[in-house]
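The structure appears below as structure tokens.
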Amino acid sequence: MDNPEFTSQNEESGAPVDATQCADANSDDFVLANLKRNYTAHFLDGMLSFTGFRLIATPTFIPAYLFLMTGSETLVGVGSSLLQIGVMLSPILVAATLEHRRYVLPTAVRIGWFMRFMILALALAGWFLNGFAAIVATFAVLFLLGIGTGGQRVSFHLLLSKVIPIRRRGRLQGWRNFCGGLIAAALSYFAGAWLIDSNFMGNGYASMFLVTFILSSLGLIGISLIMREPEQAVDHKPPVPTARIARFSRYLADRNFRGFLIAQATCTMARAAAPFYILFAGQTLGLDGKTIGSLALCLMAADTLANLLWGRIGDRTGYRLTFMLAVLCWITSTMVLIYALDAIWFYVAFAGIGASLSGFIMSQQTMVLEFGTRADVAMRLGLTNTLDGVFAAIGPVLGGLLASHYGFTPLFAVSIALLFATLISLFRIRDPRSVQEGD
């Protein structure tokens, strides 16, 4: 006997109709009807939340703060790894929770608040703790911040896949990141030259974390009030764990998706060098607030401008191409950094790295949404973010040890080799959009 939840009868022909297909059609109509509203919500979130998060995520302020606290390249790597271990642990659990819920937004908002309160905790630890206690508390909060980050990646990108049509996502992310990036670039210089250099409110870094908390909280409030999410048809009988494992095996059997995961893994390992770019530059330029803010400004400004280009290219041709171009730019910029002798070349290198990182992140996050069917998106996001977290957690510790024992240049050389491995993996796969369209 047919399950009424999953099949219905076509009134005219009497042929069975898949209710999921009907739900998808209704969902598409809902998306189009609310597109302007949801576009605005995502754009507003990018203007505020992403602006705040970039002050945390950019490989300038946090590594410099950890080095100021610990004086150790190895502990800078440990702190960065703790953040990524948290990112590794939460995506699968969040994806498993969300794939059987009709609405994603309520859970996404709760995860978003958890993440933002961890940023506030960083500020409070900076103001009220000193010495060893401050280091332990900061490392613990970075771990919890990673858990929130991993969960937010899955929930908000799943939400994006539900409310924004595939061919408009790159344009939205490009303009959202462009406008948010302009604000973030200005704030990065302001944070370095004023908050940090003047030791504002007794701790310039803590003051910067407070600004980040306020901006990102305003963005989350905006998206929770404005966004309208379509109801999703779900199977009310969640699969047992062995069924999920079987699904992962099916995902990995897809040659293109498997190649994408390999490219993501090698590129993420290459990114382990990122926290040490600012320390390397500091050997020549110093690590005062103005220098950190200026380098962060170059990185974020290039990230911001490049986002428009990456989004436009990706929407037209697919994100495999933008991934490859970003990796090529990254290799070139790292080589410029290694051989830089004057301040201008450090600024050029950081600008190139900023453009590269934005292309990598946009390509990675958008490509995964284009593999498989809509029903598989949550678990694919969980799988990719978990694997990304594994390699991102391992990389900074190994990078810190390598930098401590052999210096920064060998670390950057290993990073370049991994980026070449990424290019090879990308050359061997097809763009998922072309596969879906039957090209």
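None of these values were measured; they are calculated from a predicted model.
In this structure, E73 contributes its side chain and L401 its backbone to no donor-acceptor pair below 3.5 Å. Remark: side-chain polar atoms of N256 are paired, donor with acceptor, to backbone N or O of R430 under 3.5 angstrom. Side chain of N34 to main chain of R37: no donor-acceptor pair is present (N/O by atom type, distance under 3.5 Å, no hydrogens or angles). Listed for the D45 side chain is no donor-acceptor partner under 3.5 Å among the backbone atoms of I223. S415 places no side-chain N or O within donor-acceptor distance of the main-chain N or O of L411, the cut-off being under 3.5 Å. Remark: the backbone N or O of V163 is not paired with any side-chain donor or acceptor of E229 at under 3.5 angstrom. A donor-acceptor distance shorter than 3.5 angstrom exists from the side chain of S80 to the backbone of V76, with no hydrogens or angles considered. Not a single donor-acceptor pair under 3.5 Å links the side chain of T268 to the backbone N or O of F391. Of the possible polar contacts, one joining the D197 side chain to the K290 backbone as a donor-acceptor pair under 3.5 Å is found.
In this structure the side chain of M324 never reaches within 4.5 angstrom of the side chain of L328, judged on heavy atoms. Between L182 and M300, every side-chain heavy-atom pair lies at or beyond the 4.5 Å cut-off. Between T334 and I331, the closest side-chain pair of non-hydrogen atoms is not below 4.5 Å. Counting heavy atoms from C-beta outward, Y65 and M208 have side chains that stay 4.5 Å or more apart. In this structure, I62 and Y205 have side chains that are not in contact, with every pair of non-hydrogen atoms separated by 4.5 Å or more. Between V104 and F156 there is no side-chain heavy-atom pair separated by less than 4.5 Å. Looking only at side-chain heavy atoms (C-beta outward), I394 and S81 stay at 4.5 Å or farther from each other. Put simply, the side chain of Q84 reaches to within 4.5 Å of the side chain of V87, judged on heavy atoms.
Interatomic distance, L295 CG to Y189 OH, rounded to the nearest 0.5 Å: 11.5 Å. With values rounded to the nearest 0.5 angstrom, R320 atom CZ is found 8.0 Å from M367 atom CE. L308 CG to L305 CG: the interatomic distance, rounded to the nearest 0.5 Å, is 7.0 Å. Between S90 atom OG and I111 atom CD1 the span is 7.5 Å, to the nearest 0.5 Å. In this structure, the separation between CZ on R316 and OG1 on T322 is 14.0 Å, given to the nearest 0.5 Å. Considering CZ of F117 and OG of S216, their distance stands at 10.0 Å, rounded to 0.5 Å.
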### Message
If you apply the rule side chain to side chain contact (heavy atoms under 4.5 Å, CB included), what do you find for F260 with T384, and how did you get there?
### Response
CA-CA 9 Å; F260 166 74; T384 55; 4.1 Å; yes
### Query
What's the verdict on side chain to side chain contact (heavy atoms under 4.5 Å, CB included) for S49 and L215, showing C-alpha distance, side-chain angles and the deciding distance?
CA-CA 6 Å; S49 294; L215 286 172; over 6 Å; no
### Query
Run the side chain to side chain donor-acceptor pair (under 3.5 Å) check on T74 and S404 step by step: do they pass?
CA-CA 6 Å; T74 301; S404 295; 2.8 Å; yes
### Task
Test side chain to side chain contact (heavy atoms under 4.5 Å, CB included) on Y319 and Q364 and set out the steps.
CA-CA 8 Å; Y319 284 89; Q364 174 199 31; over 6 Å; no
### Task
Carefully, step by step, assess Y277 and L299 under the rule side chain to side chain contact (heavy atoms under 4.5 Å, CB included).
CA-CA 11 Å; Y277 295 148; L299 190 146; 5.9 Å; no
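G395 and A272 make their closest contact through C-CB, 3.3 Å (heavy atoms, listed as atom of the first residue, atom of the second, distance). Here the shortest heavy-atom pairing between I278 and P63 reads CG2-CB, 3.9 Å. For the residue pair T60 and A296, the shortest heavy atom distance occurs at OG1-CB, 3.6 Å. Counting all heavy atoms, side chain and backbone alike, P275 lies closest to L279 at O-CG, 4.0 Å. Across L297 and A186, no two heavy atoms sit closer than the pair CD1-N, 4.3 Å. Counting all heavy atoms, side chain and backbone alike, L287 lies closest to I292 at O-CD1, 3.5 Å.
Under 3.5 Å, the side chains of W310 and S358 contain a donor-acceptor pair of N or O atoms. A donor atom on one side chain and an acceptor atom on the other are found under 3.5 Å apart for D288 and T291.
For F276 and F412, the distance between ring centers is not under 6.0 angstrom.
Between Q264 and the choices L261, I262, T266, the side chain to side chain contact (heavy atoms under 4.5 Å, CB included) rule is met once, by L261. Each of F190, W127, F209, W194 was checked for a ring pair (Phe, Tyr, Trp, His ring centres under 6.0 Å) with F200, and the lone residue meeting it is W194.
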Name each donor-acceptor pair under 3.5 Å that joins a side chain in residues 134-153 to protein atoms two or more places apart or in another chain, with its distance.
| unit_1 | atom_1 | unit_2 | atom_2 | d |
| --- | --- | --- | --- | --- |
| T138 | OG1 | A134 | O | 2.7 |
| T149 | OG1 | L145 | O | 2.8 |
| Q152 | OE1 | R116 | NH1 | 3.1 |
| R153 | NH1 | D388 | OD2 | 3.1 |

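Using the six-membered ring where Trp is involved, W330 and F360 have ring planes that are tilted, between 30° and 60° apart.
Scanning for salt bridge (Lys or Arg N to Asp or Glu O under 4.0 Å) contacts around D303 gives R54, with sequence neighbours left out.
Figure legend: cation-pi geometry between R380 and F257, with NZ or CZ positioned under 6.0 Å from the six-membered ring centre and within 45° of its axis.
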